[in-house]
Amino acid sequence: MSSSTVTAAMLVNALIVVLSFQSVWSRKSEPFLGEESAGLFRGSDKYAFAIDVPAAQMECFGHFAHQTGSFYLTYMVQWVTVMTNTHQLFVTVSSPDGTLMASNNEATGHINFQTEVTGFYKLCLGNPYNRFGNSRVFVNFGVIYEGVEVSETEMEEEREEEKVLNSTLTSIEERVHNLQNQVFHMWRNYNAARMRKGKDHHLLTSNLNYVNWWSATQSLVIVLSGYLQLCMLKGLFRTDSSRPRC
């Protein structure tokens, strides 16, 4: 093998290494998940579930999001474990650098903002208004990205497709994206309807238990009062058997 061939091969290998480093550094930075970060939400962009928030305590979650995304949070207090006059919940969302992005102090709320920093956003649900009862909260949160891009590979593929597709296919693609956004908003409305349905179900169940217990208590009181009245009446007509009757 000649020296010129060896030199050309070395140049090609060096060029490949440089390009690989450029592709690595061009990606969005993501924090490392260690053992202390286990349990954080990172596998999906959308979550919907119910959680019990203990009395006078706070439950917090970490949700990973890239920059230039649209973060959303919808929550609703469905029921509390004790009789109380308020269903308020203290909700906060903080950025990875600790900046407070949004907060709410109502039983039902919607939070939306644009993510500017890549990292884990902290969601906290506080229950400071109930000192003795837990609150059941239904939460729906996640991040959506413009154009539905989820990785650098897909972004590069879309750029290549935009170069070769004509205006007709581009308009079809935009309509598909709009349709996907509409389906996503329909999914959010569906989850909101699930929240309201769950809250109504728990309210009806609580009222039914309340009526049953009070009905049983009142029936027992009526039976006991009737028995006591009967005993008192029998005492009034009691006679002495040793004395002769008229």
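Along the sequence shown, residues are numbered consecutively beginning with 1.
Side chains of C231 and Y227 form a contact here, defined as non-hydrogen atoms less than 4.5 Å apart. Residues H66 and T115 are not in side-chain contact: their nearest non-hydrogen atoms beyond the backbone lie 4.5 Å or more apart. The side-chain heavy atoms of T74 and F138, taken from C-beta on, include no pair separated by under 4.5 Å. Using a 4.5 Å cut-off on side-chain heavy atoms (C-beta onward), V139 and F61 make no contact. Contact check for V137 versus L89: side-chain heavy atoms found under the 4.5 Å cut-off. The closest side-chain heavy-atom distance from P54 to E59 is below 4.5 Å.
Rounded to the nearest 0.5 angstrom, L224 CG and S219 OG are separated by 11.0 Å. Rounding to the nearest 0.5 Å places CE of M186 at 9.0 Å from CG of L179. For the atom pair CG of L125 and CD of Q57, the computed distance is 13.0 Å after rounding to the nearest 0.5 Å. Here the straight-line distance linking atom CH2 of W187 with atom CD of Q180 works out to 14.5 Å at 0.5 Å rounding.
Inspection of the S135 and N130 side chains reveals an N or O donor paired with an N or O acceptor under 3.5 Å. Side-chain contact of Y190 with N140: a donor-acceptor pair under 3.5 Å is absent, judged by distance alone.
Cluster membership for L123 and F90, using ILVMFWY side-chain heavy atoms within less than 4.5 angstrom, is not shared. Linking Ile, Leu, Val, Met, Phe, Trp and Tyr whenever their side-chain heavy atoms come within less than 4.5 Å leaves F184 and Y145 in two separate clusters.
More than 12 heavy atoms of other residues, nucleotides or ligands shown are found within 6.0 angstrom of CD on Q114.
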### Query
Under the ring-ring contact (aromatic ring centres under 6.0 Å, His included) criterion, do F141 and Y121 qualify, and how do the steps go?
CA-CA 11 Å; F141 62 91; Y121 285 77; over 10 Å; no
